[in-house]
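Here the structure comes first, spelled out in structure tokens, and everything after it is commentary.
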Amino acid sequence: MKEITQQMIDENEAKRQEIDKKLKEGKPLGTEELWMMGEQRELDDLPNLPECWDMYYRRLYLMFFGEMPGVPPLTPLHLANFRFFVHNWYGHLDANWAPGSLGAASQKETKFQVKDLESEWANNPTKGDDEKDEDISELIAWSKFRYVLIRKIFELDIKGEYYPLKLNGLSIRFDYESAMHILTRHFAHGMKPYPSTKDHFYGVFRHECLHKDFENIFHEIDNSGVYKNDDATNINFKYKGIVYKIWTLPVQNEPDTYRISTFFPVSSTKILKRLNEVYSEIKLSDELSVYIKK
């Protein structure tokens, strides 16, 4: 975590003053300014700022599910607004999102989650309708929260539809679907209203930094020169003592271009056994090793 300096505090205050000035003059705010306003304004101001409703929802979600220690419970107005946002997000499942968009990626993963939840219900026939309604409501709330998290990453940091990466001279993209799939399947284990057998991240990698982490790891692998003849669709490495796997898929109609399809820590004894039998572990640094075919 970065140390907060006086310079950072002063810069933050200058940005706040610039936002206030633009609002008074009726000037439009930039993307970063909108996020800043949505995350730093008083909660009671946000219902009247539709352009900040995603940021408003993010705060309501964290308060509703108790992820902000010391923060008082939601007022009746904010609780009603939270339920309004969740109810409206149900329509997200049937909306016609543009292919490749963040909305389409979110819709795809949310539908998979609904199927997982229905399977859990089938295995637990004693669960009543009220409990099922609560489960699905939590799932939809988590779906919208993920959407907002990923929207923030792409708007403020990546600033595009994907983050370009390189490995073995190949272009590899971290796109909306990459981020949505990884965050949905392998992060926030405790937020899911159904049992999950997927491997989850616990503290080593953070969802908002994944694209930079991939960049650093790929750069170190490339610089080593040991991975020249290995497969960029099935990347295996060990970081801080834990084995990880990245799968990539070809991008249609774009030669030598791939997209990250998933990334997870490996606990499967079958996968680990195959790695030990078919691959050699090459140490690149005190923290990072890569697996290459024997």
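Hydrophobic clustering places Leu156 together with Leu29 (ILVMFWY residues linked when any side-chain heavy atoms are closer than 4.5 Å, directly or through intermediates). Connection of Phe84 to Phe145 is established within a shared hydrophobic cluster, with ILVMFWY side chains joined at heavy-atom distances below 4.5 Å, either directly or through further cluster members. If you chain together hydrophobic residues whose side chains sit under 4.5 Å apart, Leu77 and Leu46 never meet in one group. Placement of Ile182 and Val251 in two distinct hydrophobic clusters is found when ILVMFWY residues are connected by side-chain heavy-atom separations under 4.5 Å, directly or transitively. At a threshold of 4.5 Å between side-chain heavy atoms, the hydrophobic network of Ile, Leu, Val, Met, Phe, Trp and Tyr places Leu62 and Leu79 in one connected group.
Between Leu275 and Asn236, the shortest heavy-atom distance links the atoms CD2-CG, 3.6 Å. Closest approach of Ser267 and Leu272 over heavy atoms only: O-CD1, 4.1 Å. Between Cys52 and Met37, the shortest heavy-atom distance links the atoms SG-CE, 3.4 Å. Closest of all the heavy-atom pairs between Ala98 and Ser101 is O-OG, 2.6 Å. Taking both residues in full, the closest heavy atoms of Arg259 and Asp175 are given as NE-OD2, 3.0 Å, listed atom of the first, atom of the second, then distance. The two residues Tyr291 and Lys238 make their nearest non-hydrogen contact at OH-CE, 3.5 Å.
Summarising the local packing, CG of Asn96 is surrounded by 12 or fewer heavy atoms from other residues, nucleotides or ligands at distances under 6.0 Å. Atom CD of Glu13 has more than 12 heavy atoms from other residues, nucleotides or ligands within 6.0 Å. More than 12 heavy atoms of other residues, nucleotides or ligands lie within 6.0 Å of CD in Glu25, so this atom counts as buried by the packing criterion. Counting heavy-atom neighbours within 6.0 Å of Glu281 CD, excluding the residue itself, gives a total above 12.
Taking the centre and axis of the six-membered ring of Trp247, the NZ or CZ atom of Lys245 falls inside the cone set by 45° and 6.0 Å.
Here the rule is side chain to side chain donor-acceptor pair (under 3.5 Å) with Glu33, and of Lys15, Arg16, Lys22 only Lys22 fits it. Across Trp142, Phe82, Tyr147, Phe64, a single residue satisfies ring pair (Phe, Tyr, Trp, His ring centres under 6.0 Å) together with Tyr57, and that is Phe82. Residue Phe218 forms a side chain to side chain contact (heavy atoms under 4.5 Å, CB included) with just one option from Leu170, Asp213, Ile172, and that option is Ile172.
Salt-bridge formation is detected for the pair Lys212/Asp157: a Lys NZ or Arg NE/NH1/NH2 atom is positioned less than 4.0 Å from an Asp or Glu carboxylate oxygen. Salt-bridge formation is not detected for the pair Lys115/Glu120: no Lys NZ or Arg NE/NH1/NH2 atom is positioned less than 4.0 Å from an Asp or Glu carboxylate oxygen. A salt bridge between Glu109 and Arg185 is present, with a side-chain N of the basic residue lying under 4.0 Å from a carboxylate O of the acidic one. Salt-bridge check for Glu177 with Lys108: passed, with a basic side-chain N closer than 4.0 Å to an acidic carboxylate O. We find that Glu39 and Lys152 are joined by a salt bridge, their nearest charged nitrogen and carboxylate oxygen being less than 4.0 Å apart. Salt-bridge check for Asp54 with Arg59: failed, with every basic side-chain N at 4.0 Å or more from each acidic carboxylate O.
To the nearest 0.5 Å, atoms CG (Leu117) and OG1 (Thr110) are separated by 12.0 Å. Note that CG of Leu149 and CD of Glu208 are 8.5 Å apart. Values are rounded to the nearest 0.5 Å. Atom CG of Leu210 is separated from atom CD1 of Ile217 by 9.0 Å, given to the nearest 0.5 angstrom. Glu32 contributes atom CD, which lies 8.5 Å from atom CD1 of Ile19 (distance to the nearest 0.5 angstrom). Expressed to the nearest 0.5 Å, how far CG of Asn123 lies from CD of Glu118 amounts to 12.5 Å. Rounding to the nearest 0.5 Å places CG of Leu43 at 7.5 Å from CG of Leu74.
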For this session: Could you please spell out the steps behind the side chain to side chain contact (heavy atoms under 4.5 Å, CB included) verdict for Tyr61 and Val148?
Result: CA-CA 11 Å; Tyr61 181 92; Val148 175; over 6 Å; no
For this session: Could you give me the CA-CA distance, side-chain angles and deciding distance for His78 and Asp44, then say whether side chain to side chain contact (heavy atoms under 4.5 Å, CB included) is met?
Result: CA-CA 8 Å; His78 294 307; Asp44 289 342; 2.6 Å; yes
For this session: Mind running side chain to side chain contact (heavy atoms under 4.5 Å, CB included) on Leu249 and Thr233 for me, showing each step along the way?
Result: CA-CA 6 Å; Leu249 294 171; Thr233 65; over 6 Å; no
For this session: Would you sort out whether Asn81 and Tyr56 count as a side-chain hydrogen bond (donor to acceptor under 3.5 Å, both in side chains), showing the intermediate values?
Result: CA-CA 10 Å; Asn81 286 339; Tyr56 177 39; 2.9 Å; yes
Problem set entry | Test salt bridge (Lys or Arg N to Asp or Glu O under 4.0 Å) applied to Arg151 and Glu155, step by step | CA-CA 6 Å; Arg151 180 189 156 203; Glu155 287 190 353; 2.9 Å; yes
Exercise. Taking it one step at a time, do Gln113 and Ser143 satisfy side-chain hydrogen bond (donor to acceptor under 3.5 Å, both in side chains)?
Worked result: CA-CA 9 Å; Gln113 280 194 298; Ser143 168; 5.6 Å; no
For this session: Please lay out, stage by stage, how Phe85 and Lys144 fare under the test side chain to side chain contact (heavy atoms under 4.5 Å, CB included).
Result: CA-CA 9 Å; Phe85 287 130; Lys144 182 172 175 64; 4.2 Å; yes
For this session: Apply the test side-chain hydrogen bond (donor to acceptor under 3.5 Å, both in side chains) to residues Arg146 and Thr184: give CA-CA distance (whole Å), side-chain angles for both, the deciding distance (0.1 Å), then the verdict.
Result: CA-CA 8 Å; Arg146 288 195 316 269; Thr184 302; 2.8 Å; yes
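No side-chain donor from either of Ser261 and His181 sits under 3.5 Å from a side-chain acceptor of the other.
Ring-centre distance between Tyr244 and Phe264: not below the 6.0 Å cut-off.
By the side-chain contact (heavy atoms from CB on, under 4.5 Å) test, Thr126 pairs with Asn124, sequence neighbours left out.
When atom types are taken as modelled, the side chain of Tyr90 and the backbone of Asp94 share no donor-acceptor pair closer than 3.5 angstrom. Side-chain N or O atoms of Lys111 include one that pairs as donor or acceptor with a backbone N or O of Leu93 at under 3.5 Å. Here the side chain of Asn168 pairs a donor or acceptor atom with the backbone of Tyr227 at under 3.5 angstrom. Trp121 places no side-chain N or O within donor-acceptor distance of the main-chain N or O of Lys132, the cut-off being under 3.5 Å.
Using cut-offs of 30° and 60° on the angle between ring planes, the pair Phe263 and Phe237 is parallel. In this structure, Trp89 and Trp97 have tilted ring planes: the angle between them lies in the 30° to 60° band.
Using a 4.5 Å heavy-atom threshold, the side chains of Arg173 and Glu254 count as touching.
Sorted by first and then second residue, the ring-ring contact (aromatic ring centres under 6.0 Å, His included) pairs involving residues 156-178 (not counting sequence neighbours) are Phe154-Tyr176, Tyr163-His211, Phe174-Phe214. Among residues at least two apart or in separate chains, there is no salt bridge (Lys or Arg N to Asp or Glu O under 4.0 Å) pair with a member in residues 283-294.
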